[in-house]
Amino acid sequence: MHVTRNLDCSGLSNASAVLRIKQALVGSKDGEPRIGVLVGENCDVERITGSLGSAAGRVRLMSATRQ
Amino acid sequence: MTIVAGTETIPDQDNPAPKPEAPNYAFDPRDPWTQTFQKGLERAELQGKTVYEVGIGTGINAAFVLRFCGASAFYGSDLDPRLIELAERNLASLSPEHAGQFQPVKGAVSLIDTDEARAKIAKTDVVIACLPQVGDPNDERFSAFREEQSVSLPEGADEQAHDHIAHYYPWAMFDEYPFNAVGMGLNEALLRRIREHAPHAEVVMNFGARIGTGLIFEMFRANGFEPEKIASQIVRQDAGTDISFFVALEGALHGTDLEREFKCYFFADEDGKKRLSAHDAQRLLDQDPDVALYHEVCVVRGRPVAE
């Protein structure tokens, strides 16, 4: 499964990031390419993944790291 | 002299205060949002500054800032080209001695997206704005999201009032901005443009804090501004503005681990003590469309942080 689309969630809290991801997934279906999601360094990737439920498999979360 | 109802000066009985021309396509200058915004503008230290208002509306703030805040020059523009002409007329009648300090950017200007607007922004000390923070109920992508949360659109919410663009923005069009997720895409787009074209300018922006001031502050910090709340007031929720946007946001987190971390801020009382979620507020509205609901309006000053 490859990634063809990216979603910038930098600066967002965990809850706002989940909202943005769910909005981006509206209308998408299982089996479509995953969306690459950049979340801020303060975000908890595990909590976001848990809150996405079954939709978590349709995204690939990437955490920004401080340079 | 009074500029709008709610300011503290008393009109002279022999020379009644001129009233602004306020056609139905303009945001009503008597609205408490304007009162709150002007309280913030009074505290924003605008003496001698060059000010640009994005979304000038009736021009009531131009008159206020030039007359009462001591700004040296005022630029302004609006998406609706009729409004910049209206602002010129209102400034000429409300504060004719300051009309020469007003430099309008004419035509339809989205944010600051024309060469003339960008040139004036580059010479601006303080950018002021009160932009919509609710996605257009007719936006197709937002409609799909709302339906996925099983949130229905209240009857009549899809009808467009004459001043529709003063209340709602085309949500999907601003989806590249992360804070669009909570209705702040248009505001975030402006902050980014200001950082690019006027990196030393301060901003003073008026918000309906229905998503909470914490999230608004996060948006400022994420875009290189240190926020400070300089005015606040609890106002009645506009009866004509649809709140299903906020209900859908809460609904999308319902049943998740993050549900408690995002609840909207509505109130059942004008003191702002009896808090309601958007879901609770919508339920009250469904029972009685005339029920009085309230939310905070606040003015946030953002100072650019050195990179």
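Because the structure is predicted, anything quoted here is derived from the model rather than measured. Here is the naming used below: chain letters follow the sequence lines, and residue numbers restart at 1 for every chain. Side chains included, hydrogens not; waters and symmetry mates left out as well; all remaining heavy atoms used.
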Undergrad: Looking at A/Gly11 and B/Ala222, what are the two nearest heavy atoms and their distance?
TA: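 Minimum heavy-atom contact is CA-CB, 3.9 Å.
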
Undergrad: At a 4.5 Å cut-off on heavy atoms, which part of B/Tyr177 comes close to chain A: side chain, backbone, both, or neither?
TA: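 Contact with chain A: backbone only.
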
Undergrad: Would you say that A/Val26 contacts B/Arg141 through its side chain, given a criterion of any heavy-atom pair below 4.5 Å between the two side chains?
TA: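 Heavy-atom side-chain distance check fails, nothing below 4.5 Å.
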
Undergrad: Within a 6.0 Å radius of atom CD on B/Glu226, are there more than 12 heavy atoms belonging to other residues, nucleotides or ligands?
TA: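 Check passes, neighbour count above 12.
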
Undergrad: Please check if atom OH in B/Tyr265 has more than 12 non-hydrogen atoms from other residues, nucleotides or ligands closer than 6.0 Å.
TA: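 No - once you tally the heavy atoms of other residues, nucleotides and ligands closer than 6.0 Å, there are 12 at most.
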
Undergrad: So which heavy atom on A/Ala15 is nearest to which on B/Phe262, and how close?
TA: CB-CB, 4.0 Å

Undergrad: Can you tell which part of B/Asn223 gets under 4.5 Å to a heavy atom of chain A, answering side chain, backbone, both or neither?
TA: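 B/Asn223 has no heavy atom closer than 4.5 Å to chain A.
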
Undergrad: Provide the closest heavy-atom pair for B/Pro178 versus A/Leu12 in the form atom of the first, atom of the second, distance.
TA: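 Reported closest heavy-atom pair: O-CD1, 3.6 Å.
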
Undergrad: Nearest 0.5 Å, please: how far is CG in A/Leu19 from CG in B/Asn180?
TA: 11.5 Å

Undergrad: Mind checking the OG-CE spacing from A/Ser16 to B/Met219? Nearest 0.5 Å is all I need.
TA: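 One finds 11.5 Å between OG of A/Ser16 and CE of B/Met219.
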
Undergrad: If you count heavy-atom pairs within less than 4.5 Å of chain A, which of B/Gly214, B/Ala248, B/Ala252 leads?
TA: B/Ala252

Undergrad: Can you tell me if B/Glu140 has over 12 outside heavy atoms packed within less than 6.0 Å of its CD?
TA: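 Atom CD in B/Glu140 is not packed in, count stays at 12 or less.
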
Undergrad: Is B/Ile211 in contact with chain A via its backbone, its side chain, both, or neither, using a 4.5 Å heavy-atom distance?
TA: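 Neither part, no heavy atoms under 4.5 Å.
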
Undergrad: Between A/Gln23 and B/Leu249, is a side-chain contact (heavy atoms from CB on, under 4.5 Å) present by the stated rule, with each step listed?
TA: CA-CA 9 Å; A/Gln23 290 161 359; B/Leu249 295 181; 3.5 Å; yes

Undergrad: For B/Glu176, is it the side chain, the backbone, both or neither that has a heavy atom under 4.5 Å from a heavy atom of chain A?
TA: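 Just its backbone gets close to chain A.
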
Undergrad: Does any N or O in the side chain of A/Arg20 come within less than 3.5 Å of the main-chain N or O of B/Asp175, such that one atom is a donor and the other an acceptor?
TA: yes

Undergrad: Would you confirm whether A/Arg47, through its side chain, and B/Asp257, through its main-chain N or O, come within 3.5 Å as a donor-acceptor pair?
TA: yes

Undergrad: Let's go through A/Ser13 and B/Glu218 carefully: what are the C-alpha distance in whole Å and the side-chain angles of both, what is the deciding distance for side-chain contact (heavy atoms from CB on, under 4.5 Å) to 0.1 Å, and is it a yes or a no?
TA: CA-CA 8 Å; A/Ser13 63; B/Glu218 284 177 18; 3.8 Å; yes

Undergrad: Calculate, to the nearest 0.5 Å, the distance between atoms OG1 and CG belonging to B/Thr256 and A/Asn14 respectively.
TA: 10.0 Å

